[in-house]
Amino acid sequence: ATTLSASPNILSAGGSVTFSGFGFQSRAGQPVALTWDSGPKVGQTLATPTVQTDGTWSSGVTIPSDLPGGIFSVKAT
């Protein structure tokens, strides 16, 4: 199974977060698109890290300063 995690998992607009994933072995050497899955920026790409040979990837992201408060989800595809 694939897993997506964020650290820290609570932050504010303009803050930085690192998204990480594992279980992506079938995608080694290929990019993963991190996109907003809910909220006002649905579909907007945050980052496109490359999957390593062990199936892991990691990418630092700065949350847009104009993002309103709330709970929003991110997906990796």
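Residue numbers start at 1 and run along the sequence shown.
Between Leu34 and Leu4 there is a side-chain heavy-atom pair separated by less than 4.5 Å. Taking 4.5 Å as the limit, every side-chain heavy atom of Phe72 sits out of range of all side-chain heavy atoms of Ile63. Contact check for Phe24 versus Thr56: no side-chain heavy atoms found under the 4.5 Å cut-off. Proximity of Thr18 to Ser58: side-chain heavy atoms (C-beta onward) are separated by under 4.5 Å at one or more points.
The line from CH2 of Trp57 to CZ of Phe19 is 8.0 Å long, rounded to the nearest 0.5 Å.
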Test side chain to side chain contact (heavy atoms under 4.5 Å, CB included) applied to Arg27 and Val32, step by step
CA-CA 8 Å; Arg27 306 255 322 260; Val32 171; 4.1 Å; yes
Side chains of residues 41-48: which donor-acceptor partners sit under 3.5 Å, not counting sequence neighbours?
{"residue": "Lys41", "atom": "NZ", "partner": "Asp66", "partner atom": "OD1", "Å": "3.3"}
{"residue": "Lys41", "atom": "NZ", "partner": "Asp66", "partner atom": "OD2", "Å": "3.4"}

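For the 3.5 Å distance criterion, the side chains of Ser20 and Ser5 fail to qualify, holding no donor opposite an acceptor.
Thr50 places no side-chain N or O within donor-acceptor distance of the main-chain N or O of Gly29, the cut-off being under 3.5 Å.
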